[in-house]
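Only one structure is covered here, and it is reproduced in the block below.
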There are 2 protein chains.
Amino acid sequence: MEKEKVDKKDHILDVAERVFAEQGYDGASTRMISGEAGVNMAMLNYYFGSKEGVFLAIFERRISAFQATLLGIGNDEDLDAWGKLAQFVDRYLDKVINNNCFHIMLNREISKSKKTDLTDKITSIVMKNVYVFQDIIEDGIKSGAFNKDADKELLVATMFGTKNYIVNTPHISSAILGHDVMDLKTQEEIIKPRLKKYMKTLLKAYLTHENDNK
Amino acid sequence: MEKEKVDKKDHILDVAERVFAEQGYDGASTRMISGEAGVNMAMLNYYFGSKEGVFLAIFERRISAFQATLLGIGNDEDLDAWGKLAQFVDRYLDKVINNNCFHIMLNREISKSKKTDLTDKITSIVMKNVYVFQDIIEDGIKSGAFNKDADKELLVATMFGTKNYIVNTPHISSAILGHDVMDLKTQEEIIKPRLKKYMKTLLKAYLTHENDNK
DNA sequence: CAAAATTAATCAAGCGATTGATTAATGTAG
DNA sequence: CTACATTAATCAATCGCTTGATTAATTTTG
């Protein structure tokens, strides 16, 4: 029973994550979520206290897995700057592309220009990823492996922005790539390897190119 | 009177655009918008028919200006591939960074995975920008100016994704860059020139780098 | 039986939209 | 120019509906 309770809560969160991604936080109603999850509406409040509680529970579930992934990336002292960068790209994209519903949700919330408790919380989480990436770039620049004129702040925007563009605007990116980026098999066999290779090539090109106008 | 009517409608759309960007479509209420615009709630329906009418009016206003900008970009036959690319970057970023409220709104709508009339409409608009950019890249590859192994589809994701990251997640990008990216003066004096220079350097590096693993 | 889980019924609040009445601006006839 | 008629703009009040949340009753479980 304890086990099944956890499963049922997990099932609710799975459904809620999808519905929030489809409809947005405000657009998704508790009736929608409970209806699609096949549970009574009151169960949401019984389990999670409130609609916002459901929303936060989704984040906490994903984030704990997320933080674990981050540890170890960029801290492997056996790797040089290029090795760390390559590993970050591979592991980050691996982790992130499959959880597309969650990341669509996350980015929609974070794009609200009004600051709230929720946007602050999300911001601090996202910033942790940013710092890991930025540290790798900084170390590479210091060691001389990367171009010292590189704009490491905007390179962050490119790293995460490119990924977001693929994941968050599926209608657009599917049209551009000629594949359904929402399809799990496509993600695994086509999107992931292609994006990994591209990102590494792009970063390498930028971080090693000869500066011609300086 | 006719002039002032247009001004008032424009004022309502200005406010609505900001509130929609701040709160999302569902999060923004007609009472909020009319309240902040200093007009009676019924005026929204009087002028625009409905809440959705207000939303669509915002799009139509921006899009007509948008389409005009697109004409001429990438069609200047006096320029070589690099010249076209540089011009696209400069003019696109100029046009797009100031309308940040609108683009936040647009991207939030387009990130909804459920297809609707609105997402279809927005998708086709965005794709026009994409095609202009992609054509420039393709021509450059054909003429031999650009690396023939370049992934032109994912380069699209980088071009627009990088911009989106800066514009759509202002809390994040402000923290990264150390400036308030929502501030108009900052946009003009710091963000725009820096992003323009960065984008061009990045594209050039990628499109000219020597392929080392092929 | 007692505790936990689940349900249907219900609540106040907020939503978008509509209404009829009122005011302001404009046009028209004498 | 003035008095009347017409249109546009604005308002407060209110409609029906959906929302998130709570309640009390019922079922399930250990």
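Keep in mind it's a predicted model, so treat the numbers as computed, not measured. Labels below follow one simple rule: chain letters A, B, ... track the order of the sequence lines, proteins then strands, and each chain is numbered from 1.
At whole-Å resolution of the value, CG in B:Leu44 and P in D:dT10 are 12 Å apart. Protein atom NZ of B:Lys51 is 4 Å distant from nucleotide atom P of C:dG16, rounded to whole Å. The separation between B:Asn45 atom CG and D:dG16 atom P is 18 Å, rounded to whole Å. Rounded to a whole Å, the CE atom of A:Met43 is 6 Å from the C1' atom of C:dT6. Summarising the geometry, the separation between CE on A:Met41 and P on D:dG20 is reported as 8 Å, rounded to the nearest angstrom. A straight line from CD1 of B:Ile33 to P of C:dC15 spans 11 Å, rounded to a whole angstrom. Per the geometry, CZ belonging to A:Phe48 stands 12 Å off P belonging to C:dT6, to the nearest Å. The separation between A:Ile12 atom CD1 and C:dT6 atom P is 8 Å, rounded to whole Å.
In this structure, B:Tyr206 and A:Tyr198 have perpendicular ring planes: the angle between them is above 60°, well past the 30° mark. Between A:Phe55 and A:Phe20, the ring planes lie perpendicular to each other; the angle is over 60°, past the 30° to 60° tilted range.
The listed nucleotides are C:dT19, D:dA21, D:dT23; the one nearest the side chain of A:Ser50 is D:dA21.
One finds a side-chain N or O of A:Tyr46 lying less than 4.0 angstrom from the OP1 or OP2 phosphate oxygen of C:dA5. Remark: B:Asn40 is in phosphate contact with D:dA12, judged by side-chain N or O atoms under 4.0 Å from OP1 or OP2. At least one side-chain nitrogen or oxygen of B:Lys8 sits closer than 4.0 Å to the OP1 or OP2 atom of D:dT10. For the OP1/OP2 pair of C:dG16 and a distance below 4.0 Å, the side-chain nitrogens and oxygens of B:Thr30 include at least one atom meeting the criterion. Contact annotation: B:Tyr47 reaches the phosphate of D:dT10 (side-chain N/O to OP1 or OP2, under 4.0 Å). Not one side-chain nitrogen or oxygen of A:Ser29 sits closer than 4.0 Å to the OP1 or OP2 atom of D:dT18.
The base of C:dG16 lies close enough to the side chain of B:Arg31 for a donor and an acceptor atom to sit less than 3.5 Å apart.
A heavy-atom distance below 4.5 Å is found between the side chains of B:Phe59 and B:Phe102. At least one side-chain heavy atom of A:Arg62 sits under 4.5 Å from a side-chain heavy atom of A:Glu17.
For the residue pair B:Lys84 and B:Asp139, the shortest heavy atom distance occurs at NZ-OD2, 4.2 Å.
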